[in-house]
2 protein chains.
Amino acid sequence: MGTSLRPAHTDFPAPQMPDRDHADCRGVASILARVGDKWSVFVIMMLSDGPKRFNELKRMINGISQRMLTLTLRGLERDGLVTRTIFPTIPPRVDYELTDLGRGLQQPVMALGLWAKEHQAQIAAARTRFDERNDT
Amino acid sequence: MGTSLRPAHTDFPAPQMPDRDHADCRGVASILARVGDKWSVFVIMMLSDGPKRFNELKRMINGISQRMLTLTLRGLERDGLVTRTIFPTIPPRVDYELTDLGRGLQQPVMALGLWAKEHQAQIAAARTRFDERNDT
DNA sequence: CTGGATCCCTTATGATACTG
DNA sequence: CAGTATCATAAGGGATCCAG
C-alpha cells in the first residue's frame, strides 16, 4: 500500500496531564491532527455546500495532487467524516459528501478559521517582527 | 540552522475559492497548521494555567524531545502566541507564558478539543469499521 | 473519470552528544 | 537548566504511468 491510513504520528505518547479535564488527550490529538492537516480542512470546506465529485474537488483545491486528494478523502472517510458514493456509470462517477459527523466538525473548525482570520494580521506582524530580530 | 521556522508546508498554493467569504484561506491555513501541530496544542494547553519553565514543560508533555519542544516554543513565540522570559540566574531559568493572543486562541482550540473529545468514540468506531472492511 | 502503484526528492522528527 | 549541532530515519508529497 505504500502509505498507511493509520499514520504513526497520530499514536500519541501519553503525555502526563496536569490534573485537569483533558485527561484523554491522546485520542483527541489524533483528531486534531486530522483537522490540522492542510488538505483535510480544505476538503471539508469545499464540501460545505453539498456533495462534490473527485475531479470537481481537485479543481477547486487547485494545487492538490491527485494522490493527496485520494489519501485525504480516504482518511476522512475512515474517520466517518465523509461518505463515498460510487455511481456505476460510464464514465464512473464518485461523489463525496460530509456526514452528519463531518458537518458537526465544521462548526468548531469554522470558529477556529474565523479566529485565524481575525488575528491574521497580528500574527503576520509578530512573525515579521520576530524574523527581523533574528535574521539580520 | 537545519530546521527553518518558516516551514514550507505552510506556504499555500492558493486554492481557488468557490466564491464564499473564505477568500484568504492561505494565511488562515498557515495558522490552522500551527494549531493542528501535535506539539503546539499540547504546549498551549500546558500553559493554560500559568507560565512554565522549559524542563517543566518537557516533563509534562512526556514524550516530546527537547529538540521538538524548542522548535515548537520558537514557533509559538514567532507567532506571538507565547513569550519567552530569560532570568539570567545560575542555573539559567526561562519561563514561557501565553500572550493575550495565545490565550485568545485557547478558546477555539478548546472548543475543537471538546468536540473531539465528545466524538472520539464515534470516530474510533468509524475507523475500526473502515479498517475491518478493508484489512481482511 | 476515478483512482492504484511507483519512483524519488523534500521535510519533519527523534536520538545523541556537546556547551554556556 | 536550557538549549545547539549533527546525524539518521521516517513521513510527506509531487510526478508519472497504468487500469477498470
Side-chain angles (χ1 to χ4, degrees), chain A residues 1-13 15 29-30 33-34 36-43 51-78 82-97 134, chain B residues 1-13 15 29-30 33-34 36-40 42-43 51-77 82-97 134:
Chain A
M1 171 162 287
T3 306
S4 171
L5 285 175
R6 308 71 165 266
H9 70 276
T10 58
D11 294 339
F12 279 76
S30 82
R34 166 149 323 291
D37 177 49
K38 182 171 163 177
W39 301 122
S40 293
V41 174
F42 280 121
V43 169
K52 296 272 178 297
R53 302 181 54 174
F54 186 87
N55 272 347
E56 211 170 346
L57 285 170
K58 186 156 185 301
R59 274 190 303 274
M60 294 175 85
I61 312 183
N62 186 356
I64 192 172
S65 66
Q66 178 193 67
R67 173 190 153 80
M68 279 302 101
L69 182 53
T70 300
L71 286 176
T72 301
L73 287 168
R74 283 293 179 284
L76 292 171
E77 190 194 354
R78 179 166 110 97
V82 157
T83 57
R84 179 164 176 268
T85 312
I86 306 171
F87 299 93
T89 58
I90 296 179
R93 171 197 177 119
V94 181
D95 272 14
Y96 293 91
E97 185 173 13
N134 294 289
Chain B
M1 166 165 289
T3 306
S4 170
L5 285 176
R6 308 70 166 269
H9 70 276
T10 57
D11 294 340
F12 279 76
S30 81
R34 167 150 320 291
D37 177 48
K38 181 171 162 178
W39 301 122
S40 293
F42 280 120
V43 170
K52 295 273 178 298
R53 301 179 57 173
F54 187 87
N55 274 347
E56 211 170 348
L57 285 169
K58 186 158 187 297
R59 274 190 302 273
M60 293 175 84
I61 313 182
N62 187 357
I64 192 173
S65 65
Q66 100 273 59
R67 177 188 149 79
M68 279 301 101
L69 182 53
T70 299
L71 287 175
T72 302
L73 287 168
R74 285 289 181 289
L76 292 171
E77 190 193 355
V82 157
T83 57
R84 179 165 176 269
T85 312
I86 306 172
F87 299 93
T89 56
I90 296 178
R93 172 197 176 117
V94 180
D95 272 14
Y96 293 92
E97 185 171 14
N134 295 290

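All figures in this text were calculated on a predicted structure; none of them were measured in a lab. In what follows, chains carry the letters A, B, and so on, assigned in the order in which the sequence lines appear, proteins first and then strands, with residues in each chain numbered from 1.
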J.: Between B:Leu71 (CG) and C:dG14 (P), how many Å, whole number?
T.: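 In whole Å, C:dG14 P and B:Leu71 CG are 10 Å from each other.
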
J.: Can you measure from CZ (A:Phe54) to OG1 (A:Thr70) and round to the nearest 0.5 angstrom?
T.: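 Rounded to the nearest 0.5 Å, the CZ-OG1 separation comes out at 3.5 Å.
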
J.: Rounded off to whole Å, could you give me the CZ-to-C1' distance for the A:Arg67 and C:dT10 pair?
T.: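 Whole-Å distance recorded here is 13 Å.
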
J.: Please confirm whether the shortest side-chain N or O distance from B:Arg84 to OP1 or OP2 of D:dG3 is below 4.0 Å.
T.: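 Answer is yes, contact under 4.0 Å.
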
J.: Which residues in residues 86-94 of chain A have a heavy atom closer than 4.0 Å to any atom of DNA chain C?
T.: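 The answer is A:Pro91, A:Pro92, A:Val94.
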
J.: Are B:Leu76 and B:Arg34 close enough that some pair of their side-chain heavy atoms sits under 4.5 Å apart?
T.: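 In contact.
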
J.: When the distance from CG of A:Asp95 to P of C:dC1 is rounded to whole Å, what number comes out?
T.: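 So the CG-P distance, A:Asp95 to C:dC1, works out to 14 Å.
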
J.: Could you measure the distance from the CD atom of B:Glu77 to the OH atom of B:Tyr96? Nearest 0.5 Å is fine.
T.: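 Here the interatomic distance stands at 7.0 Å.
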
J.: Has B:Arg74 got a side-chain N or O lying under 4.0 Å from the OP1 or OP2 atom of D:dT4?
T.: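 Yes, B:Arg74 has a side-chain N/O under 4.0 Å of OP1/OP2 on D:dT4.
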
J.: If I take atom NZ in residue B:Lys52 and atom C1' in nucleotide D:dA2, what distance separates them, rounded to the nearest angstrom?
T.: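 To the nearest whole Å, that distance equals 17 Å.
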
J.: In this structure, how many angstroms lie between the P atom of D:dA2 and the CG atom of B:Leu69, rounded?
T.: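 Distance check: B:Leu69 CG to D:dA2 P gives 10 Å.
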
J.: Rounded at 0.5 Å granularity, tell me how far CD in B:Gln66 sits from CG in B:Leu71.
T.: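 Going from the CD atom of B:Gln66 to the CG atom of B:Leu71 covers 9.5 Å.
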
J.: Quick one: pull up OG1 in B:Thr72 and CH2 in B:Trp39 and give me the separation to the nearest 0.5 Å.
T.: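 Output value for this atom pair is 8.0 Å.
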
J.: What closest approach, in Å, do B:Val43 and B:Leu73 show between heavy atoms, and which atom pair accounts for it?
T.: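 Minimum heavy-atom contact is CG1-CD2, 3.8 Å.
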
J.: Calculate, to the nearest 0.5 Å, the distance between atoms CZ and CZ belonging to B:Arg53 and B:Arg59 respectively.
T.: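 Between B:Arg53 CZ and B:Arg59 CZ, I get 8.5 Å after rounding to 0.5 Å.
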
J.: Look at the side chain of A:Phe54 and decide which nucleotide, out of C:dA15, D:dA2, C:dT2, has an atom nearest to it.
T.: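 Out of C:dA15, D:dA2, C:dT2, the nucleotide with an atom closest to A:Phe54's side chain is C:dT2.
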
J.: Given atom CG of B:Leu57 and atom P of D:dA2, what is their separation to the nearest angstrom?
T.: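 These atoms are roughly 9 Å apart.
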
J.: Starting at the 5' end of DNA chain C, which residue's closest nucleotide do you reach first, B:Asp37 or A:Asn55?
T.: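 Closest to the 5' end, via its nearest nucleotide, is A:Asn55.
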
J.: Nearest to the B:Trp39 side chain among C:dT2, D:dG14, C:dG14, which nucleotide is it?
T.: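 Of all the options, the side chain of B:Trp39 is nearest to C:dG14.
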
J.: Which whole-number value in Å describes the distance from B:Met68 CE to C:dG14 P?
T.: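 These atoms are roughly 6 Å apart.
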
J.: Using only modelled atom types and a 3.5 angstrom limit, is any donor from either the side chain of A:Glu56 or the base of C:dT2 paired with an acceptor on the other?
T.: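 Between C:dT2 and A:Glu56, which were checked side chain against base, a qualifying N/O pair under 3.5 Å is absent.
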
J.: Ignoring backbone atoms, establish whether B:Tyr96 has a side-chain N or O less than 4.0 Å from OP1 or OP2 of D:dG3.
T.: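 Checking D:dG3 against B:Tyr96, a side-chain N or O does come within under 4.0 Å of OP1 or OP2.
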
J.: Rounded to the Å, how far apart are B:Ile64 CD1 and C:dA15 P?
T.: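 For the pair B:Ile64 CD1 and C:dA15 P, the rounded distance is 12 Å.
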
